[in-house]
Amino acid sequence: MEEMVACCGLDCFRCPAYVATQAGDMERLASVAARWSENFGGTIHAKDILCDGCGSGTGRINSFCAVCLIRECCGVKGISNCAHCGEYICEELEGHPAFTNEARANLARIREAR
């Protein structure tokens, strides 16, 4: 199974914003933005969640991920995700909203395979 694991452990290939961006489907992206606006409060626009993935190196990064302290930390340390960090499961990662059971399992699997 192909995957692109973000710094926090989420699989970008399973993220609805990433999937809609890669499909060039602005209607689906608008639907994701509306759902996230409702779930997280506030107003999120489709253009704010255009994304090529956390580690893609392009300028199109979901607005949440663009300001993510986990992503910033991985960049400073020169690692692709937290599985490669000597401080694995630090306070910042443990408290991050994206650090779900799925993200935790992804990072643990990568860490074990190193």
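- Listed by chain and residue number, Glu87 satisfy the salt bridge (charged side-chain N to carboxylate O under 4.0 Å, His left out) test with Lys77 (two or more places apart in sequence, or in another chain).
- Looking at every heavy atom in both residues, Cys12 comes nearest to Gly53 through SG-CA, 3.9 Å.
- Atom CD1 of Ile70 and atom CD of Glu92 lie 5.0 Å apart (nearest 0.5 Å).
- Between Leu10 and Val5 the shortest side-chain heavy-atom distance does not fall below 4.5 Å.
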I would like to know whether Phe64 and Ile49 meet side chain to side chain contact (heavy atoms under 4.5 Å, CB included); could you show each step before the answer? CA-CA 8 Å; Phe64 302 109; Ile49 58 173; 4.2 Å; yes
Walk me through it: do Ile61 and Asp52 pass the test side chain to side chain contact (heavy atoms under 4.5 Å, CB included)? CA-CA 6 Å; Ile61 301 295; Asp52 292 320; 5.7 Å; no
Using the rule given for side chain to side chain contact (heavy atoms under 4.5 Å, CB included), can you reason through Asn62 versus Leu50, listing the C-alpha separation, both sets of side-chain angles and the distance that settles it, and then say yes or no? CA-CA 6 Å; Asn62 177 322; Leu50 283 164; over 6 Å; no
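- Rounding to the nearest 0.5 Å gives a distance of 9.0 Å between CD1 of Ile89 and SG of Cys82.
- Considering CD1 of Ile110 and OG of Ser80, their distance stands at 7.0 Å, rounded to 0.5 Å.
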Asn101 and Arg104: side chain to side chain donor-acceptor pair (under 3.5 Å), yes or no, with the steps? CA-CA 5 Å; Asn101 288 337; Arg104 184 183 296 267; 5.0 Å; no
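- Ion pairing between a basic and an acidic side chain is recognised when a charged N comes within 4.0 Å of a carboxylate O; Arg28 and Asp25 show such pairing.
- If you chain together hydrophobic residues whose side chains sit under 4.5 Å apart, Met26 and Val19 never meet in one group.
- Of the possible polar contacts, none joining the Glu38 side chain to the Ala33 backbone as a donor-acceptor pair under 3.5 Å is found.
- Counting only heavy atoms from C-beta outward, the side chains of Pro97 and Phe40 never approach each other to under 4.5 Å.
- Glu94 approaches Phe99 most closely through the heavy-atom pair CA-CD2, 4.0 Å.
- For the residue pair Cys8 and Leu107, the shortest heavy atom distance occurs at O-CD1, 3.4 Å.
- Atom NE2 of His45 and atom OG1 of Thr43 lie 5.5 Å apart (nearest 0.5 Å).
- A pairwise comparison of heavy atoms in Cys15 and Trp36 identifies SG-CH2, 4.1 Å as the closest pair.
- In this structure the side chain of Arg71 reaches within 4.5 angstrom of the side chain of Cys7, judged on heavy atoms.
- With a 4.5 Å cut-off on side-chain heavy atoms, Met4 and Arg14 do not count as touching.
- Nearest heavy atom pair, residue Cys85 against residue Arg111, reads O-NH1, 3.1 Å.
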Evaluate the side chain to side chain contact (heavy atoms under 4.5 Å, CB included) criterion for residues Cys68 and His96: first the C-alpha distance (whole Å), next the side-chain angles of each, then the deciding distance (0.1 Å), finally the verdict. CA-CA 9 Å; Cys68 175; His96 197 280; 3.3 Å; yes
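- Nearest heavy-atom pair, Phe13 versus Glu3, reported as atom, atom and distance to 0.1 Å: CD1-CA, 3.4 Å.
- Considering only residues two or more places apart in sequence or on other chains, Ser63 meets the side chain to side chain contact (heavy atoms under 4.5 Å, CB included) condition with Asp48.
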